[in-house]
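Reviewing the structure listed below.
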Amino acid sequence: MTNPFGRFDDSKREYVITRPDTPLPWLNYLGQDEFFGLCTNTAGGYTFWKDAKLRRLTRYRYNNVPYDLGGRYIYVNDGGSVWNPGWKPIKAKLDAYECRHGLGYTRIIGQKDGLEVEMLLFVPPGENLELWKVTVRNKSKVAKQPKIFSFQEFCLFDAANDMNNLQRTYSIGEVEIDGSAIYHKTEYRERRDHYTLFACTRPVDGFDTSRDAFVGIHEGLHDPKVPFAGKCTNSKAFGWNPIGAHQINLNLAPGQEETFSYILAYVEQGKEPKYDSLYVMNKKVGKAIVDKYSKPGAIDTAFAKLGTVWGDLLSNFQANSPDPHANRMLNVWNQYQCMATFNMSRSASMYETGIGRGMGYRDSNQDLLGFMHMIPSRARERILDIAATQLSDGTCYHQYQPLTKKGNAEIGGDFYDDHLWLILSTCQYIKETGDVSILKAPCSYADKPDAKTDLLHHLEISIAYTMKKRGPHGLPLIGHADWNDCLNLNCFSTEPNESFQCAGDVKDSKAESVMIAGLFLYASREMAALYDFMGKGDDAARMRAGYDDMLKVIETHAWDGEWYRRAYDAAGTPVGSKENPEGKIFIESQGWCVLGGAGQNNGRAKQAMESVHKHLFTKNGAVLQQPPYSTYHVELGEVTSYPPGVKENAGIFCHNNTWINLGWCLLGDGDRALEYYLSICPSAKEDQIETYRSEPYVYAQMIAGKDAVCFGEAKNSWLTGTAAWTFVSVAEGILGIKADFKGLSINPCIPKAWKGFSATRKFRGVEYQIEVKNPSGICKGVKKVTVDGKAVAGNVVPFEAGKKVVKVEITLEA
Ligand code: BGC
Ligand code: NOJ
């Protein structure tokens, strides 16, 4: 069965949605720099600048009924028949509908009674604005006089306040109207020096800025007054709910079409005087924007530039493997999703409201792993921003607000894995760029903003913290939780009015995490390699001593017989052990102990992975643990609060499946690695889309596990660590192409049936054209490497500056 809702158009790098009534709203993101829009396949969503909480420009009501209501709406009144090209909100039956989600743009085309309306929505690279290019085509045999109404609701900038503080919100909304331009300037007279502009590039036949006038008080977006009446009221908002709406009357002969555009911009007044006269804004900056995009060809030039930007970004890594799913995901959609997670962290999606979570400490560090190869300079800045939210004792603020870059404890703190992820992102950055100068970049601590310290010191205190903060078995303390936010071993919450994420106290806590121990192995080994690269042998040896120490603790206290235990709770009882009636085996400690190098010489790594296969793996991915908890355990926390089979309680948490893929690659089993990859790959779910429900082009955080009634149903798409880690597990694991300190390391681990693959990887300005041959059908084992025809030893292609293109041929053989 194919997907009845859409298909990939691989040649155009688009996903084409052919029915608007998708099983869930299918989302795209507009914008890649600082100005962003969420845009669904029915044009739903909203727009913000930098920060979905503090600079929300247009309004959106999460968890609405139906899902996804509110957005960039065009209402068409064609001789009294009123409809939207994106179907919603009116939901009039369309004669044709298509939505193409592309890289940074969405194109929606609706047709009814011989009239076609196309909307192309995108954010031009480097600009703080969004464009809606609208084309209206009369495809009928009669002249038509359609009236076109634009509509979106302004958000009063602070999204939380906008929703909650209605006694104020309803009295402060202000706008100015200037020809086709609507200026939303709430709070501009006092502390704000910015406004939102919503303009049309052609003269309009009317406007509205009051929602009550345009929609009505008792009407909804599905039956708004003005589009049905066919006439705007030229309302001027005074408080209540300001909106932007324009009316355009067209007269189209058969076969005739007209194109015009709307501009939605965020403008900072900068040094310009705020006012021309009392109450009259100085609109110079806004006017310049409207002029720029009203010029013929300006919008098409901006759109072409967007295509070039994405073409260039993706050209940094392209592969051609025998697997079509891996190809399209890796070459296009996975990298695209990595841009979204880099920009949004866990802040704004259909499942993150933009006011709940900001930039996560551990999340953003991991997101960088899939982004580094695209724009290393932005990665550098991000690493330093994240590090600046670390505290001087080595712990971290768990998240920060993107606008202010200030950390906060609103969703808890003392997650004792957080600091270690900074080591992974920093080392990856240095491997990608060779730029060790980042280590000396000044970077203070969140609690000591004046401290003169650098990034290297942050890495050192991260290592030191985990070395020092150990529990009774010598394993790292878990604190509030580790990667598994729900393993709250010091929380003991019996109070329904508190958040699991914030409850409890870790002072004097004893609970320990095996996952952190495994992550520490990985991080300290990275540090040792970094110090080697820097020629600091003593420091490298110090790191290796720490590694050996932790390895010994793991092998002594964390092995359960057939797998690695997950943790010890506050009372010292093992978690994730055969001794436990439920939650006997967890996935994270198998992944991290194996990736950290535990169990290499004693067969345990292999055994741990086989246990994952036996107890956790399903056709929809590996579940997080087994058996699921059927009752609440106060000593384990939130993990036991979810119904069996979802989220951390034995859901398929796609993020950690990627660590297992990498584990299989480490062990040399490319067949398992690909099998595991495909089990969570959205492109491979098209034939079960009615069950899977989420977008087929981006990874989801979670797929319901085998213990859930909805086994196979995906949730929380887009903003998940799965994006970056899947890129790593396929590009670096299966294809084996990995930036390393001294060059490009190539060590594939592929299915036996693959005859080989090819790839291009840009690395420090050089394009590596890689050809891998697998004549004898093995998974792993680089036998021969030639670089520009010359044989080289080992599998690291040494970096040589100055070259443009380097041809690498690899032959695998047992
Ligand atoms: C979820 C976790 C998430 C955390 C964030 C929990 O309720 O289960 O997946 O990381 O909230 O605050
Ligand atoms: C999602 C959170 O964003 C991430 O930080 C966490 O590691 C996972 N949930 C697992 O709990």
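In this text, all values refer to a predicted model and were calculated from it rather than measured experimentally. When a ligand or atom number is given, it counts from 1 through the structure's own listing order.
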Please check this pair: side chain of [X] against backbone of [Y], looking for a donor-acceptor N/O pair closer than 3.5 Å.
{"X": "Asn164", "Y": "Ala160", "result": "yes"}
{"X": "Ser364", "Y": "Tyr361", "result": "no"}
{"X": "Asp363", "Y": "Ser345", "result": "no"}
{"X": "Asn490", "Y": "Val506", "result": "no"}
{"X": "Asp417", "Y": "Ile516", "result": "no"}

If you count the atoms of ligand 2 from 1 in the order shown, which ones are under 4.0 Å from a heavy atom of [X]?
{"X": "Asp363", "value": "2 (C), 3 (O), 4 (C), 5 (O)"}
{"X": "Arg346", "value": "3 (O)"}
{"X": "Asn484", "value": "11 (O)"}

Among all protein heavy atoms in this structure, tell me which lies nearest to [atom], with the distance rounded to 0.1 Å.
{"atom": "atom 11 (O) of ligand 2", "value": "Glu648 OE2, 2.6 Å"}
{"atom": "atom 9 (N) of ligand 2", "value": "Phe653 CZ, 3.6 Å"}
{"atom": "atom 1 (C) of ligand 2", "value": "Gln701 NE2, 3.5 Å"}
{"atom": "atom 4 (C) of ligand 1", "value": "Asp485 OD2, 3.6 Å"}
{"atom": "atom 6 (C) of ligand 2", "value": "Trp483 O, 3.2 Å"}
{"atom": "atom 9 (O) of ligand 1", "value": "Glu648 OE2, 2.6 Å"}

Arg357 near ligand 1, heavy-atom distance under 4.0 Å?
-> yes

Tyr642 touching ligand 1 at heavy-atom level, < 4.0 angstrom |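 Per 4.0 Å heavy-atom rule, Tyr642 contacts ligand 1.
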
Quick one: closest heavy-atom pair of Leu475 and Ser513, and the distance?
-> CB-O, 4.4 Å

Where on Asp485 is there a heavy atom closer than 4.0 Å to ligand 2, on the side chain, on the backbone, on both, or on neither?
->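 For Asp485, the contact with ligand 2 is made by both the backbone and the side chain.
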
Under a 4.0 Å heavy-atom limit, does His655 contact ligand 2 with its side chain, its backbone, both, or neither?
->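 No part of His655 is near ligand 2 at this cut-off.
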
Numbered atoms and elements of ligand 1 in range of Lys647, under 4.0 angstrom, heavy atoms = 1 (C), 2 (C), 8 (O), 9 (O)

Quick note on ligand 1: atoms under 4.0 Å from a heavy atom of Glu638 include exactly 6 (C), 7 (O), 8 (O)

Which of parallel (below 30°), tilted (30 to 60°) and perpendicular (above 60°) describes Phe617 and His613?
-> parallel

Closer than 4.0 angstrom: is that true for some heavy atom of Arg357 and an atom of ligand 2?
->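 So Arg357 counts as touching ligand 2.
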
With a distance cut-off below 6.0 Å to the six-membered ring centre and an angular limit of 45° from the axis, does Arg362 pair with Phe415 as a cation-pi contact?
-> yes

After noting the C-alpha distance and the side-chain angles of Glu648 and Glu638, does the key distance pass the side chain to side chain contact (heavy atoms under 4.5 Å, CB included) rule?
-> CA-CA 8 Å; Glu648 285 84 345; Glu638 187 173 359; 5.9 Å; no

Identify the residue among Tyr697, Phe727, Tyr699 that makes a ring pair (Phe, Tyr, Trp, His ring centres under 6.0 Å) with Trp333.
->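 So, applying the ring pair (Phe, Tyr, Trp, His ring centres under 6.0 Å) to Trp333 and each of Tyr697, Phe727, Tyr699, only Tyr697 qualifies.
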
